[in-house]
Colleague: 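Right, I'll just put the structure down here and ask away after.
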Amino acid sequence: MIQRTAEKIAALRREVSYHSYRYHVLDDPVVSDAEYDALYHELCALEQAHPQLITPDSPTQRVGEEPVPRFEKVYHPAPILSLSNCFSVDDLRAWRQRIGRLLPEGARLDFVVEPKFDGLSVVLRYENGLFVQGATRGDGEVGEDITSNLRTIRSVPLRIPVRPPGHAEGQQDLPGIESGTGAAPPLLVVRGEAYLAVPDFESMNARLAELGEKTFANPRNAAAGSLRQLDPGVAASRPLSVLCYDLVASEGVQLETQLEVLDLLEQLGFPVAPEVARFDTVDEIGPYYEEWITRRESLEYEIDGLVVKVNRLATRDALGVVGRDPRGATALKFPAREKTTRLLAVRVNVGRTGTINPLAILEPVDVGGVTVQHATLHNYDDVARKDVRVGDTVIVKRAGDVIPYIVGPVVALRDGTETVIDPPDSCPSCGEPLYRPQDEIAIYCINAACPAQLVRLVEHFVGRSAMDIEGLGSKTVQLLVDAGLVDNVADLYSLRADDLLALEGFRERKVSNLLDGIEASKERPLSRLVAALGIPGVGAAVAELLATHFGSMDALGAATQEDLEAVEGIGPHTAAALVEWFSIPRNQTVVQGLRQAGVNMKEEGAVPAAERHERLAGLTFVLTGTLPTLSRREAKAMIEELGGKVAGLVSGRTSYVVAGEKPGSKLVKAGELGVPVVDEKGLRALIGS
Ligand code: IVH
């Protein structure tokens, strides 16, 4: 009996591990979240009933163990080396010449180029396939034992090779493994970089800020801070990932090139970055590097350069090491996205919700290929904490897509003429006194009639992802507000040609285009209108959920906190913000004004409440690829909201495959089985019609 249970547990463990690998490493799950959860819970229940059968490689063991008083030392099996730096392709050519002189005359080399991940170096040790220890780099000889923290990272395999369920060991030969049985080598010490993806970093920081906890300056610090937590429970709550790129030590493995190393790691189930290229000459790396200077912006994680490695491992070894840097590899760094410049002044900005934000006006400076003359100073607490003063030489940083920000002043360069920046007492736009809620860092202008807030709100209302009114740029909005023609967003719909013609720079043509644009916007779907209103926490995606669920502005306006929270994807904060927004008389007047102007207040084809849950009943969907506007979670929520099911695997029972960009093997499968394929538009049509 216990034998049977043990087998059952082992089988479940393999299955859960495999699906977790498909999800976290390959980003291509083959079962739905619900199916995964069911398997996971079955495993938990069995393990709970038979705790003696729990093994360290069980996927249930990732949740975070007991806190430790300090980290133990780990002696690395080989030095964990660093890299020399090149800051230009010329530097790289010089590197190539230097190593060329150390090799036999005319020796041919080829190079592997990988991204240089900007995270924390980690060393993962596997004995007979089992993850037994994980460490930081430390001084390169001795690191710290952070095994329990690394265990919580879903993409770190707890047992290798990762295999589909039912796929026994030895069924597949792995490249370079001597036994030839497809089993794991006796020893494998893998090096990788632990990191936080930029969106995960941003949402984590937002959460920390909300809880009043310390935020991190950048994803790298956040990753390092999370991994050096003595409480693995904290590490478990941080969305860390890892990418592997090197073998530090091994037994039973025979590999000749870096490409083979990466290939083996990938086949064993380690996360390996797909952005790897091979070149025969350093000259070819030049254009590739140039391309990456912009391409880096589109990656989800931060990289601070490329790593160029001699592909042949024997050559790399023969080249030796200088200090801590191997000669046979080098980092080709990107231009710094940090520069110093002077802070000329601080402008006070008023946001759409009345937040008062300091904006730094800088002496223009080129930061990594972009001229920067403005940078955010976040808020006045930040200004005080960093002690930034007008006239200071400051460090400006650009990271990913975010707006440049000020890291801090260079205090050593002060000459005493710098002036301290104090928060304003009154709104720079309307002159009303400012308000600072208790426990909040932000300062607000709470005058509902503040012209600056109105301008921001109207800009938002007419924006591309909202009512999309062409011909209404920031300048025009400011003009309309200044002229007293627009006092709230509904006033846009009562603008008359005569009023507009009286404004500076407005000719017949411009006026009629603008009025046409305004007229056309009356037909926008309800979701866009809801997003346009500027309700805190209600962006395009949330508005979409609300519009599909409630079907009309009336129903949405009448919804209670409970009704709102019942919508999948709407949390208590957003629900509260909605209730609050609709309770304010001024907002009610605006909605009324929009209605009277003839703005569409219904979601076309929205399903009446009674039928709602049956709309997609009996239909099973499989999602693949990236949809243009919906995330996987949102699409799933939308389908389930209407009674449909979302499965992970295409089968004869699948009703539709919803395919986005870069669809996976599921699309091929759909073709084979003759399952109809729709895109996001098609999905919306199914829901709407
Ligand atoms: S190779 C001989 N490859 O960059 C092996 N390192 O500045 C030496 N890093 O300490 C390292 N991405 O933590 C290598 N694809 C990559 C890397 C990488 C990031 C880190 C690593 C190293 C640091 C050197």
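Every number for a ligand or one of its atoms is a count from 1 in the order of the listing.
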Colleague: Run the ring pair (Phe, Tyr, Trp, His ring centres under 6.0 Å) test against F131 and tell me which residues pass, sequence neighbours left out.
Modeller: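 Testing F131 for ring pair (Phe, Tyr, Trp, His ring centres under 6.0 Å), a comparison that skips the adjacent residues, returns Y126.
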Colleague: Within 45° of the axis and under 6.0 Å from the centre of the six-membered ring of W292, does NZ or CZ of R296 qualify?
Modeller: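 Judged by the rule (NZ or CZ under 6.0 Å from the ring centre, within 45° of its axis), R296 is not positioned above W292.
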Colleague: Can you list every ring-ring contact (aromatic ring centres under 6.0 Å, His included) pair that touches residues 83-118, not counting sequence neighbours?
Modeller: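 Matches after skipping sequence neighbours: W95-F111, F117-Y301.
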Colleague: Please check: side-chain N/O of N221 versus main-chain N/O of F216, any donor-acceptor pairing under 3.5 Å?
Modeller: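 Checking the backbone N and O of F216 against the side chain of N221, no donor-acceptor pair under 3.5 Å is found.
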Colleague: Listing by chain and number, which residues have a heavy atom under 4.0 Å from ligand 1?
Modeller: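 Near ligand 1, by chain and number: L81, S82, L83, E114, P115, K116, F117, S121, R191, E193, Y245, D246, V307, K309, P326.
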Colleague: Filter on ring-ring contact (aromatic ring centres under 6.0 Å, His included), then keep only pairs touching residues 231-259, sequence neighbours left out; what's left?
Modeller: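 Residue pairs passing ring-ring contact (aromatic ring centres under 6.0 Å, His included), neighbours aside: none found.
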Colleague: Parallel, tilted or perpendicular: which fits the ring planes of Y21 and Y18, with parallel below 30° and perpendicular above 60°?
Modeller: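 Aromatic pair Y21/Y18 classed tilted.
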